[in-house]
Amino acid sequence: MEATHKTIGPLPSVDQLIQQTRHLPIPRRLRKRLIQEQLQQWRDQQTLPAKGDISSLVEQGLCRFDQMRLRCVVNATGIVLHTNLGRAPLPLDLNSAIFQSLGYNNLELDLSTGKRGKRGLWVEKALATICQSPSSTVVNNCAAALMLILMAARRDAQSEVILSRGELVQIGGGFRIPEILESAGIRLREVGTTNHTTLEDYRRAIGDHTVMILKVHQSNFAMTGFVASPPLKALADLAREHDCPLVFDLGSGALVDTKEHFDIDREITPAEAIHQGVDLVCFSGDKLMGGPQAGIIAGNTTHINHLKQHPMFRALRIDKVTLGVLEQVAEHHLVSQDDPEHPETPSLPAYGGLSITMEVLEARTQCILESIGGNLNGVEQVDLSGGVGGGTMPTTALPSLGLGITSPDQPADRIADFFRNQPTPIIGHVSQKTFYLNLRTVLPEQDSLLIAALKAWKSHSGH
Ligand SMILES: *Cc1c(COP(=O)(O)O)cnc(C)c1O
């Protein structure tokens, strides 16, 4: 068997390697540090990879490092809100007010009085209008929103939050509801069972130390069969009776009727939850809202004001970049509802991936195939299915179309590598021997990138 490592010999100097890699777009000091770390690692291990000379190994390592910079990729996975790919794609209008306001702006200046102003008042009013709630505010993300709500509710070490056992969930990496409660210094009072929780279960649990009834959307999994939980309205009435706030972590936060607009499962909207009597809702800005990372909180004015006075609010606030994008996304939502009888789908890129029709997908796929000269061996149109993603609607499949690419002499992972290494990386998915490009999530203006990559593949694979 060929050895993959060889014993270390004399290594070139750091200065020499810095010189040899000066064509790379990495600032010198950063390059120096990376080179020093690499040389140190080889010295510690007393071995070198057997393949390639030292300069080219160093250069490869630097190039791999540079790939970690934030850059544009083509989402050909079919997953609309892909957490690895930045969740909701944002509207990219370079002439928009956001880009003009990145320098000095009126973030905390009241232009009508010239005095100090409060950040985010416009977006708070806009979000409250969208959620049909008395008040609203925004923090860093939905995890931060929930954390803030819990910390602000805590009275003392005995403070308890009531939560159904069916909602003791984990959302993505490291976000587990029981651990969040614990770190907020709040006791968890579990009620009901995994699949069945009744109003009576909640009623029996309410006591002197109860500071909140919490509901958490089971975003990323689904339960079927013998499943029950009390109607939200009944739970809200119970909470009111005991003067205890009801908080609903909605997670994905569908602001539009997802059945009507996209013909997919219906999610409760923040406005509906508030109408049913929930005191506070929170949801992510970058899931079904189609905006930037943010945690939106809406509901009762007293509660919202209380949150805004908590010291943690300052630590969790959003910056001017997020604020600018969020204002624009909120505006899209409001404008789309100008005629309440005929609400339109907000013109946001995330909704393009949800609302695109099979006819359009078919036409685009055909157009791509024609542009590459048709009939390419090992590239063919295939029926695919996509998903909403972002830990939302796990059972919803979105029918889709795209291309399946196979090669007689290369495994599908190699094909995936080839597409991922294009000037604009193209991210698809591999299943068995085929690499798939799912058109549903490819932004229409990026079809030309797919065409260029497919042509490159054609000459690379020699078909
Ligand atoms: C996604 C999700 C969160 C976390 O939202 P982030 O904005 O990513 O912090 C919290 N709760 C629920 C129910 C979620 O689905």
Side-chain angles (χ1 to χ4, degrees), residues 79-90 123 127 131 136-151 153 161 163-184 186 188 197 212-223 229 232 246-255 258 264-270 272-274 278 280-299 307 312-313 315-319 321-323 325-326 329-330 350 387-396:
I79 307 298
V80 179
L81 304 169
H82 200 302
T83 299
N84 297 0
L85 306 182
R87 283 206 189 145
L90 297 173
V123 90
L127 291 167
C131 298
S136 123
T137 193
V138 191
V139 290
N140 178 56
N141 58 12
C142 187
L146 185 57
M147 197 77 190
L148 176 66
I149 291 170
L150 290 168
M151 293 203 306
V161 163
L163 179 73
S164 160
R165 290 195 171 89
E167 296 169 17
L168 273 172
V169 300
Q170 167 158 356
I171 296 138
F175 187 74
R176 304 175 118 178
I177 297 297
E179 290 167 13
I180 299 252
L181 282 168
E182 197 183 318
S183 62
I186 296 216
L188 169 62
T197 303
M212 180 193 303
I213 296 176
L214 178 63
K215 273 196 71 69
V216 179
H217 196 289
Q218 297 166 335
S219 313
N220 52 10
F221 73 105
M223 283 199 290
S229 56
L232 199 54
L246 173 63
V247 174
F248 199 163
D249 174 5
L250 289 168
S252 62
L255 299 184
T258 42
I264 55 179
D265 296 343
R266 211 175 175 297
E267 289 254 311
I268 182 168
T269 65
E272 285 161 353
I274 287 164
V278 172
L280 285 178
V281 296
C282 60
F283 56 93
S284 296
D286 56 357
K287 293 185 184 169
L288 284 173
M289 182 178 184
Q293 180 187 304
I296 290 127
I297 308 172
L307 295 177
M312 276 312 279
F313 182 74
L316 300 173
R317 74 182 184 186
I318 58 169
D319 72 305
V321 184
T322 303
L323 182 61
V325 185
L326 193 60
V329 170
V388 182
T392 68
M393 304 189 175
T395 55
T396 300

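Atoms within a ligand are numbered from 1 in the order they appear, just like the ligands themselves.
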Fill in: Option with minimal heavy-atom separation from atom 7 (O) of ligand 1, where the choices are Gly285, Ala294, Ser284
Ser284
Discussion item. Polar contacts were defined as any N/O atom of the residue lying under 3.5 Å from an N/O atom of the ligand; does this apply to Asp286 and ligand 1?
Written reply: no
Discussion item. Looking at every non-hydrogen atom in both residues, tell me the closest pair between Ile296 and Leu326 and how far apart they are.
Written reply: CD1-CD1, 4.4 Å
Item to complete: Say whether Glu267 and Ser252, considering side chains only, have a donor N or O and an acceptor N or O under 3.5 Å apart.
Response: yes
Discussion item. Going by the closest heavy atom to atom 8 (O) of ligand 1, which one wins out of Lys287, His217, Gln293, Arg87?
Written reply: Arg87
Item to complete: Flag Asp249 as yes when one of its N or O atoms lies below 3.5 Å from any N or O atom of ligand 1, and as no otherwise.
Response: yes
Practice prompt. Around atom 9 (O) of ligand 1, find the nearest protein heavy atom and jot down its residue, atom name and distance.
Written response: Ala143 N, 2.9 Å
Worksheet item: Does CD in Gln170 sit with more than 12 non-hydrogen atoms of other residues, nucleotides or ligands closer than 6.0 Å?
Response: yes
Item to complete: Please write down residue, atom name and distance for the protein heavy atom closest to atom 15 (O) of ligand 1.
Response: Ser219 OG, 2.4 Å
Worksheet item: Between Cys142 and ligand 1, does any nitrogen or oxygen pair lie at a separation below 3.5 Å?
Response: yes
Item to complete: Verify, without hydrogens or angle tests, whether Ser164 (side chain) and Gly166 (backbone) share a donor-acceptor contact under 3.5 angstrom.
Response: yes
Worksheet item: Is it the case that more than 12 heavy atoms not belonging to Arg165 sit under 6.0 Å from its CZ atom?
Response: yes
Discussion item. Any side-chain to backbone donor/acceptor pair from Ser183 onto Glu179? Under 3.5 Å, distance only.
Written reply: yes
